[in-house]
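As structure tokens, the structure follows; a few thoughts come after it.
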Amino acid sequence: MDHQGQFRCAAGQLGIPDDEISRFSRHLRLSIRLSGGSGGPPVGQFGGVPRLPVGVPWPSAGHSPLPFVFSVDCGALPRVDGFDLPSDGTLLFFLDHEEDHLDDGGGERSYARVLYVQAGTDTVAAEPPGPGCVGEEYAVGATLLAELPPWFEADEDADEGEDDRSPFQEQLARDLERDIPHLDRLRALAHDLWPADEGLASARIGGYVDDEVITSIAEQTLAGLEQAGDIVIPMAKWYSHVEKEKHRLTSEWMALASFPAADDFYYGSFVIRHDDLAAARVDKALSVTEFTE
């Protein structure tokens, strides 16, 4: 479905000018919400035993097998503008959340893995290599959710007069309000068309990268440039440079999958560049596991 076209048509019927709709649409993304009991046809499986290609071993970090989290059938997922998932085949997600949280990365992504199994590949139900590698099995359905950048919407839970936005984000918001007089109506329309479900979600596919994760990527990017001698950032200006780098990276990166870990104290995130996803290079996805307590 042409979701951008659907939104443009609905906004036009409200009498909102085309130029405002276009400016707003550049920030609008749809994510796919996976949850059990959604009422729709199943599009994936949490827990249970994954189906791996014949001859492919269970993913591991050295001699430690990685727990299987979930799989999704790409062909059964709703198609979303700007989110170039493969048109068919299966994505499988493996994560040892405790070890991944402690791992400094080093670019190896040792404790997290995403596998793409092309349609038509001979697969077999894998034998779990050890305890703790599989969880309770249940099917999930899919619904769409409207997403906007974190700076786009003021925190409704903040006290009056308070705002978590940085000065850079505040300027972005002021520019947006100036350029889009009907901002509130467009924002409300997006959430009316693709509302948030009040139930608990098992995972989110696509959409914006979590703020903490994109911040980490921005800091690592700038630190790498400094180490290479390409830039020099005064300590007093570090935070403002990070904010600008986050804004730039937002158009380059997207969330591939994010989900609460089994014990609810950790939150797993797989993020990927747009061009890597379009080429089905899911092995390029980065994993960032956060401790939530």
Task: Smallest separation among heavy atoms of Ile21 and Ala11, with atom names - done: CD1-CB, 3.5 Å

- [ ] Just jot down the ring-ring contact (aromatic ring centres under 6.0 Å, His included) partners of Phe7, sequence neighbours excluded, or say none.
- [x] Phe24

Open item on the list: What verdict does the side chain to side chain contact (heavy atoms under 4.5 Å, CB included) test give for Val271 and Met254, after you've listed the backbone C-alpha separation in whole Å, the side-chain angles of each residue and the deciding distance to 0.1 Å?
Closed with: CA-CA 6 Å; Val271 299; Met254 63 170 56; over 6 Å; no

Open item on the list: Between Arg281 and Asp276 (salt bridge meaning N to carboxylate O under 4.0 Å), is one present in this structure?
Closed with: yes

- [ ] Would you check if Arg174 and Gln171 make a side-chain contact, meaning some heavy-atom pair closer than 4.5 Å?
- [x] yes

Task: Leu172 reachable from Ile180 in the ILVMFWY side-chain graph, under 4.5 Å edges - done: yes

Open item on the list: Clusters formed by hydrophobic residues whose side-chain heavy atoms approach within less than 4.5 Å: which one holds Val49, and what are its other members?
Closed with: none

- [ ] For Arg26, check side chain to side chain contact (heavy atoms under 4.5 Å, CB included) against everything at least two apart and list the hits.
- [x] Arg23

Task: Atom pair OH/OG1 of Tyr208 and Thr250 - distance to nearest 0.5 Å - done: 7.0 Å

TODO: Consider only side-chain heavy atoms of I, L, V, M, F, W and Y, link residues closer than 4.5 Å, and tell whether Leu183 and Leu148 are in one cluster.
DONE: yes

Task: Under 4.5 Å side-chain linkage, directly or through intermediates, the cluster mates of Val242 - done: Leu222, Leu225, Ile231, Ile233, Trp238

Open item on the list: Distance check, rounded to the nearest 0.5 Å: Lys246 atom NZ versus Ile217 atom CD1?
Closed with: 11.0 Å

TODO: Name all residues meeting the salt bridge (charged side-chain N to carboxylate O under 4.0 Å, His left out) criterion together with Glu20; count only those two or more places apart in sequence or in a different chain, and write none if there are none.
DONE: none

Open item on the list: To the closest 0.5 Å, what do you measure between CZ (Arg273) and CH2 (Trp253)?
Closed with: 4.0 Å

- [ ] Name all residues meeting the salt bridge (charged side-chain N to carboxylate O under 4.0 Å, His left out) criterion together with Arg178; count only those two or more places apart in sequence or in a different chain, and write none if there are none.
- [x] Asp175

Task: Ser166 vs Glu170, side chain to side chain donor-acceptor pair (under 3.5 Å): CA-CA, chis, key distance, verdict - done: CA-CA 6 Å; Ser166 68; Glu170 285 283 5; over 6 Å; no

Open item on the list: Would Glu290 and His101 count as a side chain to side chain contact (heavy atoms under 4.5 Å, CB included) here? Give the steps.
Closed with: CA-CA 6 Å; Glu290 300 174 77; His101 173 67; 5.6 Å; no

Task: Name of the residue among Arg187, Arg33, Arg204 meeting salt bridge (Lys or Arg N to Asp or Glu O under 4.0 Å) with Glu147 - done: Arg204

Task: Evaluation steps, side chain to side chain donor-acceptor pair (under 3.5 Å), between Ser22 and Arg8 - done: CA-CA 8 Å; Ser22 295; Arg8 181 174 293 276; 2.9 Å; yes

Task: Shared hydrophobic cluster for Tyr267 and Val140 (ILVMFWY, side-chain gaps under 4.5 Å) - done: no

Task: ring pair (Phe, Tyr, Trp, His ring centres under 6.0 Å) partner of His97, chosen from Phe270, Phe291, Phe265, Tyr266 - done: Tyr266

Open item on the list: Apply side chain to side chain contact (heavy atoms under 4.5 Å, CB included) to residues Leu115 and Val282 and explain how you reach the verdict.
Closed with: CA-CA 7 Å; Leu115 297 182; Val282 296; over 6 Å; no

- [ ] Mind checking the CD1-CG spacing from Ile32 to Leu85? Nearest 0.5 Å is all I need.
- [x] 6.0 Å

Task: Considering all heavy atoms, the nearest Gly5-Asp2 contact - done: N-OD1, 2.9 Å

Task: Whichever hydrophobic residues join Met235 through chains of side-chain contacts under 4.5 Å - done: none

Open item on the list: Please determine whether residues Leu145 and Val43 belong to a single hydrophobic cluster, defined as Ile, Leu, Val, Met, Phe, Trp and Tyr linked transitively by side-chain heavy-atom distances below 4.5 Å.
Closed with: no

TODO: Can you label the angle between the Phe46 ring and the Tyr138 ring as parallel, tilted or perpendicular, going by 30° and 60°?
DONE: parallel

Open item on the list: Looking at every heavy atom in both Ser287 and Asp100, which two are closest together, and how far apart are they?
Closed with: OG-OD2, 2.8 Å

Open item on the list: Is there a path of hydrophobic side-chain contacts, each under 4.5 Å between heavy atoms of I/L/V/M/F/W/Y residues, joining Phe259 to Leu91?
Closed with: yes

Tabulate below the donor-acceptor pairs under 3.5 Å that side-chain atoms of residues 116-129 make, not counting sequence neighbours, or state none.
{"residue": "Tyr116", "atom": "OH", "partner": "Asp88", "partner atom": "O", "Å": "2.9"}
{"residue": "Thr121", "atom": "OG1", "partner": "Gln118", "partner atom": "O", "Å": "2.7"}
{"residue": "Thr123", "atom": "OG1", "partner": "Arg51", "partner atom": "NE", "Å": "3.1"}

Task: CZ on Phe83 to NE2 on His3, rounded to 0.5 Å - done: 12.5 Å

TODO: In sequence, state the C-alpha distance, the side-chain angles, and the governing distance for Asp81 and Leu30, and then conclude on side chain to side chain contact (heavy atoms under 4.5 Å, CB included).
DONE: CA-CA 8 Å; Asp81 304 326; Leu30 298 185; 6.0 Å; no

TODO: Go through the structure and list residues passing salt bridge (charged side-chain N to carboxylate O under 4.0 Å, His left out) with Asp84, not counting sequence neighbours.
DONE: none

Task: Sequence-distant partners of Arg248, side-chain hydrogen bond (donor to acceptor under 3.5 Å, both in side chains), two or more places apart - done: Glu245, Glu252

Task: Inter-residue atom distance Ile205.CD1 - Ser258.OG, 0.5 Å rounding - done: 7.5 Å

Task: Beyond-backbone contact of His247 with Pro149, side-chain heavy atoms, under 4.5 angstrom - done: no

Open item on the list: For Val213, is there any backbone N or O sitting under 3.5 Å from a side-chain donor or acceptor partner on Asp210?
Closed with: no

- [ ] Kindly indicate whether the side chain of Leu286, heavy atoms from C-beta on, has any atom under 4.5 Å from the side chain of Ile272.
- [x] no

TODO: Work out which heavy atom in Val134 is nearest to a heavy atom in Gly48; give both atom names and the distance.
DONE: CG1-O, 3.0 Å

Open item on the list: Does Thr289 form a side chain to side chain donor-acceptor pair (under 3.5 Å) with Tyr111? I'd like the steps, not just the answer.
Closed with: CA-CA 10 Å; Thr289 299; Tyr111 298 99; over 6 Å; no

Open item on the list: According to salt bridge (charged side-chain N to carboxylate O under 4.0 Å, His left out), who are the partners of Asp18, at least two apart in sequence or on a separate chain?
Closed with: none

Side-chain donor-acceptor pairs of residues 56-77 under 3.5 Å, sequence neighbours excluded:
{"residue": "Trp58", "atom": "NE1", "partner": "Leu66", "partner atom": "O", "Å": "2.7"}
{"residue": "Ser60", "atom": "OG", "partner": "Gly62", "partner atom": "O", "Å": "3.1"}
{"residue": "Asp73", "atom": "OD1", "partner": "Gly75", "partner atom": "N", "Å": "3.0"}

Task: Contact summary for Ser251 and Arg29, nearest pair of heavy atoms - done: CA-NH2, 4.0 Å

Task: Nearest non-hydrogen partners of Val209 and Ala255, listed with the distance - done: CG2-N, 3.6 Å

